[in-house]
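Quick notes on the structure that follows.
The figures here come from the full heavy-atom set of this structure, side chains too, leaving out hydrogens, waters and symmetry mates. As the structure is a computational prediction, the values presented were derived from the model and not from experiment.
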Amino acid sequence: MSICARCFGCTIGHLMAITLMIVGSLPSIDLAVLGILIMMIDWYFQEFFEIVSTNPRRFITGIVGGLGVGTLIWTPIQCMIVYLKAL
């Protein structure tokens, strides 16, 4: 694979966020921030405490973090779309 498991998971998480925005059921901002924190904690322990991270764990935390970032990106856009439809 030409990219790491976490980056691949983030890509899938972003695509999930776009899909959920189209459906109209994005996670809450609290859950999005929690997902980003989970990914950051995994990276932090791997980087600074030299705890070995496996590819499945990187992939899962990447999906969770990517969904969180995607939610933070797409929530304002979804709100604008709903607002413009109401006009």
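To the nearest 0.5 Å, the span separating CG on L31 from CD1 on I36 amounts to 11.0 Å. Between the CD1 atom in I12 and the CD1 atom in I60 there is a gap of 11.0 Å [rounded to 0.5 Å]. Here the CD1-CG distance, from I29 to L34, works out to 12.5 Å after rounding to the nearest 0.5 Å. One distance of note links CD1 of I63 with CZ of R58; it measures 14.5 Å at 0.5 Å rounding.
Sequence neighbours left out, the pairs with a member in residues 43-52 that pass side-chain hydrogen bond (donor to acceptor under 3.5 Å, both in side chains) are R6-Q46. The list of side-chain hydrogen bond (donor to acceptor under 3.5 Å, both in side chains) pairs with a residue in residues 76-86, not counting sequence neighbours, is empty.
Side-chain heavy atoms closer than 4.5 Å link hydrophobic residues (I, L, V, M, F, W, Y) into clusters, and following such links, even through other members, never connects I73 to V64. Residues F59 and F45 fall into different hydrophobic clusters, defined by Ile, Leu, Val, Met, Phe, Trp and Tyr side chains chained together at heavy-atom separations under 4.5 Å. I22 is connected to L67 through a chain of hydrophobic side-chain contacts under 4.5 Å among Ile, Leu, Val, Met, Phe, Trp and Tyr, so both are in one cluster. Under the 4.5 Å side-chain heavy-atom criterion for grouping Ile, Leu, Val, Met, Phe, Trp and Tyr, I51 is connected to I41 within one hydrophobic cluster. Both M80 and L72 belong to a single network of hydrophobic side chains, linked directly or stepwise wherever heavy atoms of I, L, V, M, F, W or Y lie under 4.5 Å apart.
Annotation for W74 and I18: closest pair NE1-CG1, 3.3 Å, computed over non-hydrogen atoms. The minimum heavy-atom distance linking L20 with P27 is given by the pair CD1-CD, 4.1 Å. The shortest non-hydrogen separation linking A5 to N55 is CB-O, 3.5 Å. The two atoms that bring M39 and C10 nearest to each other are SD-SG, 3.6 Å, heavy atoms only.
T61 pairs by the side-chain hydrogen bond (donor to acceptor under 3.5 Å, both in side chains) definition with D42, not counting sequence neighbours.
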